[in-house]
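In what follows, a structure is listed as structure tokens, so that the remarks can point back to it.
Residue numbers begin at 1 in each chain, while the letters A, B, ... track the order of the sequences. Keep in mind it's a predicted model, so treat the numbers as computed, not measured.
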Amino acid sequence: MTHGLPSDLSTINRMMSPFSDPTAHTSPLLAQLNHEQHRAVALPAEHALILAGAGSGKTRVLTTRIAWLLQTSQVSPGGILAVTFTNKAAKEMKLRLQSMLPVNVNAMWIGTFHGLCNRFLRAHYQLAGLPQTFQILDTQDQLSAVKRLCKQFNVDEDRFPPKQVQYFISGCKEDGQRPGDVPVRDDETRRKVELYQLYEEQCLREGVVDFGELMLRSYELLRDNVHVREHYRRRFRHILVDEFQDTNKLQYAWLKQLAGLPGEGGECAILAVGDDDQSIYAFRGARVGNMADFVREFQVKHQIKLEQNYRSFSNILDSANHLISHNKTRLGKTLRTDQGAGEPVRVVESPSDFAEAQWLVDELRQLVKLDGFERKEVALLYRSNAQSRVLETALFNAGFPYRVYGGLRFFERAEIKHALAYLRLMENPNDDTSFLRVVNFPPRGIGARSIEQLQDAARAAGCSLHDAVSATTGKAGANLAAFVAMVDVLREQTEGLTLREIIDLVLDKTGLVNHYRAEKEGADRVENLEELVNAAESFVTQEGFGRSAVAMPQALSQSPASQGLSGSGSADLGTIDEFSEDGVIMSPLAAFLTHASLEAGDNQAQAGEDAVQLMTVHASKGLEFDAVFITGLEEGLFPHENSMNDFDGLEEERRLMYVAITRARKRLYLSHSQTRMLHGQTRYNLKSRFLDELPEACLKWVTPKTAGFSNLGNAAGSSASGGAWPQTPAFNRHARPAWGQSSLSTETYKSPPVPVQKAAPEHGISAGKQVFHTKFGEGKVLAVEGAGADARAQVNFPRHGVKWLALSVAKLTLV
DNA sequence: AACACGAGAGTTTTT
DNA sequence: CTCTCGTGTT
């Protein structure tokens, strides 16, 4: 980069901190950065916000910042905390850091929010009021825990579906609310809060915490324990937050506790990196508003925009810029690139989702054969998972290698969860969720009746299922006793064994492997169980969990802060024993179980496999490809109908589209279909409004020659322009013959598969018209199909949603 | 304990 | 349409 570096770096250094190394500007670390990146990396030790556009080198800035801080001795590794949302991002950060300078990345706290909270709670389990062996519930586990609770307290599952109760509980925790903090306005909420309370008691009794609890309990410990808080505030001098726009209320509150607001005596600097234009997780509690709050509450003086994009050609980038400029609520940012215009963005219309898939396969073949794209460098994106099916079918039939992201991950598979449940019971016999999962799996004659009796007994005695077994009698009691004995024996037998040996033994003695071996279709599951042994083996090697137990927080003893802690002097030291982190010992098994809960495993294509990648737009965030197809660009689908009715929802959909566009390096296809099978019926969709929000100059409206498509009037355009694929965008887009009455219908009417009526329909109802229905009220016509007695209209009623109405039956009147 | 049937739901997702 | 879940039957 020949971008001008700051005129005088030493001046900047002098302003920064007494630790600044005046020779820092010679550091090769900074040499390859552009001006904005350079400024961000070399910021003084004060709170700062980096607005990092897509493909602007965000990760590079984060890692280089850490490396630079260390290299210039402004901070020791122990003083660094860097937090991400995904394990993948954390892993990458560590990896890149390690490649930059020789540093023990384990001395720093680098991890996900939940990973770091886990680390923190393991260190302070007593102060946090948790058992040392607390287990982590994933979303599945949490739901089964809620279901169990609802059964136990005879909750009407129609009025309070367990899923909703779970959603409620998680939502409260993400807002930092305990049952007592939730404002109760109605009976329904009152009942839910009761269940939340009961759920908490159940979790505590069983020694388990869910994901939200990891965060909330960490936050509360920091908030309520001045010694712990002071300790960490002294320790972490630099906190770096990745994807800050995705933080929820609790995560931001946690950061505030950890760093201390100005005036609270904190000496730490937060570097928040994020992109409001890529905020696509509001539905799971993310608050973009945290960015503005951060600037205000932390009195942020340094805001830097990274707007130089190193990924895409400018036709792609300009499309993204133009699209996102339609959003009203933005901090404001425009990406630019030094690369040329590149190819135009191709826009394609197909008559059906089926035809779209077929066209896609043909185009993919050409892309690979003629244009030399690597298959794994091509992505097929869609808004919702259901869309993948038709694409997969076409790819499969064509024998074209593909890989679908998403779906069950390794540690979420039933057989793996079964094996883990045994291992968890060995660690923590009170874990009733795990107990119930495997008490009769493989089947050992313990039916629903015996389990119910056992649950009654446990409830009466206020103890765990495990402990209640001794009180049972009869044949069922004997079976239960045998089960408990088996787990107890395993616990003893595996003492001192390696993790691999432990798992081998458990898989064998519990009969899990044998059970699946006997099953007709159990071969895959047996294979997965074998893979579990491998996973454990590589975990031991990678994480350094050898034969002996390892102290979990390896970092603390090396930090200046903890040296102070274990030394003499500070007034707070009276409480050392209460949170002596060196005292926390984790067995390899316990560590592996934590790992399994917090890292459900890769969801991604294996590296090296040359297959085209299929995924949702959400899943594509953070990735990049040479060629990208965004499919299903239709109203109701993208933007999704559930999101397009409110302002915030639509803006988030647009950001989603922005994310999708900015994934592409060289070539971008935008595809939409006139008809689509959804929920077993064909829907007629208008093309997405997002297509109209792109700059015409960057686009090329390509349309494949498809049977039955000429009805729309494109055939005339095609022959007139001398080819099946019109070259003139303006012509193809705007010069369609007038059809119907309103100008809107000319633009958006979608041809049904039946022969198109050349005369205007007698009912006068056409797409775009406002109509009135006696029951549903006023609505907008999306499409009309058929003629005469068969004529049907698809109408979007604001109150009742999208409906198909037979015009001969429904009394629709034009408004 | 395995299987069969019917009801119901079907944006997006990481930890 | 297609998958999941829960209930009921053998």
Would you indicate, yes or no, if [N] has its OP1 or OP2 atom less than 4.0 angstrom from a side-chain nitrogen or oxygen of [X]?
X	N	value
A:N440	B:dA1	yes
A:T616	B:dT13	yes
A:N642	B:dG10	no
A:N87	B:dT15	yes
A:N385	B:dT11	no
A:R284	B:dT15	no
A:K147	C:dG6	yes
A:R389	C:dC3	yes

Indicate whether A:H114 forms a stack on B:dT15; treat it as stacked only if centroid distance is below 5.5 angstrom and interplanar angle below 30 degrees.
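No, aromatic ring not over the base.
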
Determine if A:F283 stacks with B:dT11; use a centre-to-centre distance below 5.5 Å and an interplanar angle below 30° as the criteria.
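According to the criterion (under 5.5 Å, under 30°), no, A:F283 does not stack.
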
P atoms of C:dC5 and B:dT12, separation to the nearest Å
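My reading of the P atoms in C:dC5 and B:dT12 gives 15 Å.
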
Considering only the P atoms, how many Å lie between B:dT13 and C:dT4, rounded to the nearest integer?
16 Å

By nearest atom, which of the nucleotides B:dA2, B:dT11, B:dT15 is closest to the A:R409 side chain?
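The closest nucleotide is B:dT15.
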
Among the nucleotides B:dT12, B:dG10, B:dA1, which one has an atom lying closest to any side-chain atom of A:H618?
B:dT12

Taking A:E634 as the fixed residue, which of A:R676, A:R683, A:R383 is the one that meets the salt bridge (Lys or Arg N to Asp or Glu O under 4.0 Å) rule?
A:R676

Do A:F441 and A:H515 have ring centres separated by under 6.0 Å?
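They qualify: ring centres under 6.0 Å apart.
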
Could you check, using the six-membered ring where one of them is a Trp, whether A:F120 and A:Y232 have ring centers closer than 6.0 angstrom?
yes

Is the CZ atom of A:F354 crowded by more than 12 outside heavy atoms at less than 6.0 Å?
no

A:F396 atom CZ, over 12 foreign heavy atoms within 6.0 Å
no

Sugar-phosphate, base or nothing in reach of A:G445, heavy atoms under 4.0 Å:
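It contacts sugar-phosphate atoms only.
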
How would you label the contact of A:S643 with the nucleic acid (heavy atoms, under 4.0 Å): base, sugar-phosphate, or nothing?
base

Please confirm whether any donor atom in the side chain of A:T139 sits under 3.5 Å from an acceptor in the base of B:dT15, or the reverse.
yes

